[in-house]
Protein chains: 2
Amino acid sequence: MSSTNSLTVEDLGSAAQRDRRKRILDATIALATQGGFDAVQMRAVAEQADVALGTLYRYFPSKIHLLVSALGREFERASASLGDKPIPGDTASERVIYVLRRTTRGLQGDPHLAEALTRAFMFADASVQAEIHTVGMLLTRMLTRAMHPGQTELTDDDVAIARVIGDVWLSTLVGWVTGRTSAADTAAQMEKAVHLLLRD
Amino acid sequence: MSSTNSLTVEDLGSAAQRDRRKRILDATIALATQGGFDAVQMRAVAEQADVALGTLYRYFPSKIHLLVSALGREFERASASLGDKPIPGDTASERVIYVLRRTTRGLQGDPHLAEALTRAFMFADASVQAEIHTVGMLLTRMLTRAMHPGQTELTDDDVAIARVIGDVWLSTLVGWVTGRTSAADTAAQMEKAVHLLLRD
DNA sequence: CGTGAAACTGGAACGTGTTCCTATTATGGA
DNA sequence: TCCATAATAGGAACACGTTCCAGTTTCACG
């Protein structure tokens, strides 16, 4: 695409383009934090990011793409903030629960943001596969790292368990986001699932 | 509400009202079967059910309510068709998998319908709690019945396991519906989860 | 029967996601 | 520096969920 800067892993275009993209995602997160899914209106995002509506659609082909991309960026941030520090806990389930609690708390601290991002994730279709896959991989890696710290080889069961935990996480999160479950119940259900899967 | 017929468990109003309601749900299912979530357009439902748009909204306050109600009716049908016949399988996991396969296959036979109903379920907020709860109870009952045929007393673990399986079912179904997972993978993931939870 | 309330019809109107178009501006190679 | 091309701005237009309203029909009750 761009002739310069061809050594970066992902070619994000010129500095101006990177800047626009960042402004758009910032505006998305800001609006989602304030008022959730409904508040992320394409015209409002465009205005707050100081780009034209057509430009917004040039960068993100739909509201769903936009929100899932924003979710991905937030997730990367959370994943990075978890960092390389060893995860506290003596057993696999303790460590997994620690990670889940931390991530969930991060989301629940911003209920509107969590609602917007979860909704988008649930509504995304195949055209958002790439973005979704990114998020899925990050989550799986976080969980398997918690299950087996410092281990690179994983059994099929490890991955399967991580996936099941991810599924439960998503389902309960949807329940919470849509106001069908309290935060406490959400946490309790997740922890129960972890204990059922990782008996230690 | 209505003065007559006050002995029915759910007061569904006059025969004309029951008929309208049925016509609306029939139209919803028909349109969803043809073209999925997007094809269930309120104007189209109203026209096909031969009611005015305002009347449609009088019966179902939103497209989501409409679709979740339709899902509930389909689910009751599936649950009833499973009937009281003993569930085949020698172990709990075999029986649970049988039930899941059967239910999933029913949904996957109508991809558009499955997409519409799953989307609606995922998008529903607290205002649809009642309808959602109905579906959740039916699913839990189906699963616990498969786990412990003919048993009425259930441990907390039984219910928790059923819930986890339900969560996985929902998550994988979303993956399939949104084109992120194949039908085969969907089935495999669910069965893997069942085996991880019910080791027998 | 009449009557009044509730339900229904038909359709206009509004908000927001999405598309599209034209004029203007930035960009990168000759 | 100049030009061709792509990118952006600004905004009109369309689709569909939702709301609203005026007129009509249905229905239970006196």
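All chains are named by letter (A, B, ...) in the order of the sequence lines, taking the proteins before the strands, and each is independently numbered beginning at 1.
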Presence of Tyr57(A) side-chain N/O under 4.0 Å of dC20(C) phosphate oxygens OP1/OP2: no
Gap between atom CD of Gln48(B) and atom CD of Gln41(B) - 0.5 Å precision: 12.0 Å
Sugar-phosphate only, base, or nothing, as touched by Phe60(A) at under 4.0 Å among non-hydrogen atoms: nothing
Length of the line joining Asp50(B):CG and dT9(C):C1', which is rounded to integer Å: 11 Å
Test salt bridge (Lys or Arg N to Asp or Glu O under 4.0 Å) applied to Glu76(B) and Arg73(B), step by step: CA-CA 5 Å; Glu76(B) 273 171 18; Arg73(B) 207 184 61 169; over 6 Å; no
Rounded distance (Å) that lies between atom P of dT8(D) and atom CZ of Arg58(A): 6 Å
Whole-Å gap separating P (dG11(D)) and CD (Glu47(A)): 11 Å
Donor-acceptor side-chain pairing of Thr186(B) and Thr172(B) below 3.5 angstrom: no
Spacing of Leu56(A) atom CG relative to dT16(C) atom C1', expressed in whole Å: 13 Å
Between P of dC16(D) and CE of Met42(B), the distance in whole Å: 14 Å
Touch class at under 4.0 angstrom, heavy-atom based, for Val40(B) against every strand present: sugar-phosphate
Distance in angstrom units between Leu67(B) CG and dC16(D) C1', rounded: 14 Å
Geometric cation-pi criterion Lys63(B) and Phe123(B), 6.0 Å radius, 45° cone: no
Whole-Å distance separating the CG atom of Leu53(A) from the C1' atom of dA9(D): 11 Å
Proximity to the side chain of Val51(B) - top-ranked nucleotide from dT16(C), dG17(D), dT9(C): dT9(C)
Under 3.5 Å donor-acceptor pair, Arg43(B) side-chain atoms to dT18(D) base atoms: yes
Within 6.0 Å of NE2 in His148(B), more than 12 heavy atoms from elsewhere: yes
Per Gln17(B) side chain, nearest of listed nucleotides dT16(C), dA7(C), dA7(D): dA7(C)
Arg18(B) CZ - dC8(C) P separation (whole Å): 14 Å
